[in-house]
Amino acid sequence: MKIKQGILHFLHLDKTYSMLSGKNVFILQEYFKLLDVHNEESINDIQFYHFLHAVCDLNRGHIYNVFDMLDVDGSGRIDFDEFYLLVCILISLKDKEEKQFIYRHSRTVFELLDEDRSHSISAEEFSAFGFLFNFHGAAVNQIFKDFDISGDEELDYKEFKMFAMACIDKQNEIDRCKREKLERRRRRKIERATRKLERVEFGEEGALSTSWLSQTLHTCDACIIQ
């Protein structure tokens, strides 16, 4: 999940406790009041959808899954406390501090993902809601199996804490490898364009071919942009 430009880019979690400061909580409360156009001290699924659609790239299905996950009392509405928790999660993802957030609030995150309140997280629950913390992919599924010591496809609280830390480390490693691969590809493109430029043939009057030079420089610019 990627966070878009918007109000969340101006909010940050405290480094020690992974919570919003008093000033940021006040700002978030005022923002929540703007969403609560009916003055009911809560927002419905439509208001929730438009908020989440505006701040991240989740699709419609995932957004409504998040709504159901946060609506623990089945009221069909999200109050400020639930909204606050969601915003903190989104900010932790934006600032690449999800590991710190889950470590500080592991019990809350565990209960959030434990949809059926069985005091364990099943493989099905994990598949349905893990995307909220960017837990996805074959590698993460393998880690789930590794930490499922009992083999019952259920993680208890202690297993989940270790599992979450391992997932985030693995995802960070995958992201780093992707960035390095893209950087190597970009450098190779620039090097090929540079070598081609050095091999260009001169015209009869010792001038470079204008059309060829223009095309080569355009290629270099495109490489840099990518």
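FYI, side chains are in, hydrogens and waters are out, and symmetry mates aren't considered; it's all heavy atoms of this structure. For reference, positions follow the sequence shown, starting with 1.
Tracing side-chain contacts under 4.5 Å through hydrophobic residues (I, L, V, M, F, W, Y), one reaches Ile102 starting from Tyr17; they form part of the same cluster. Hydrophobic clustering, with ILVMFWY side chains joined whenever heavy atoms are under 4.5 angstrom apart, keeps Leu20 apart from Phe26. Residue Val72 is not grouped with residue Val109 when hydrophobic side chains (ILVMFWY) are merged at heavy-atom distances under 4.5 angstrom, including chains of intermediate members.
Between Glu30 and Lys33 there is a salt bridge, with a side-chain nitrogen of the basic residue lying less than 4.0 Å from a carboxylate oxygen of the acidic one. Salt bridge Glu183/Arg179: absent, no basic N to carboxylate O contact under 4.0 Å.
More than 12 heavy atoms of other residues, nucleotides or ligands lie within 6.0 Å of NZ in Lys4, so this atom counts as buried by the packing criterion. Remark: Gln29 CD is packed, more than 12 non-hydrogen atoms of other residues, nucleotides or ligands lying under 6.0 Å away. Counting heavy-atom neighbours within 6.0 Å of Met69 CE, excluding the residue itself, gives a total above 12. Heavy atoms of other residues, nucleotides or ligands lying less than 6.0 angstrom from CD1 of Ile46 number 12 at most. Crowding of Glu115 atom CD: a count of heavy atoms from other residues, nucleotides or ligands under 6.0 Å not exceeding 12. More than 12 heavy atoms of other residues, nucleotides or ligands lie within 6.0 Å of OH in Tyr31, so this atom counts as buried by the packing criterion. Crowding of His9 atom NE2: a count of heavy atoms from other residues, nucleotides or ligands under 6.0 Å exceeding 12.
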Worked check of side chain to side chain donor-acceptor pair (under 3.5 Å) between Ser18 and Arg104 | CA-CA 7 Å; Ser18 293; Arg104 290 294 182 187; 5.4 Å; no
When you look at Arg77 and Glu82, which way does the salt bridge (charged side-chain N to carboxylate O under 4.0 Å, His left out) test go after all the steps?
-> CA-CA 10 Å; Arg77 306 190 68 84; Glu82 296 161 339; over 6 Å; no
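Looking at residues two or more places apart in sequence or on another chain, you find no side-chain hydrogen bond (donor to acceptor under 3.5 Å, both in side chains) involving Arg107.
Aromatic rings of Phe51 and Phe83 (six-membered ring for Trp) have centroids within the 6.0 Å cut-off, being under it.
Rounded to the nearest 0.5 Å, atoms CG (Asp114) and CD1 (Ile121) are 6.0 Å apart.
A donor atom on one side chain and an acceptor atom on the other are found under 3.5 Å apart for Tyr157 and Ser106. A side-chain N or O of Asp95 and one of His12 form a donor-acceptor pair less than 3.5 Å apart.
Listed by first and then second residue, the side chain to side chain donor-acceptor pair (under 3.5 Å) pairs involving residues 55-74 are Asp71-Ser75, Asp73-Ser75 (not counting sequence neighbours).
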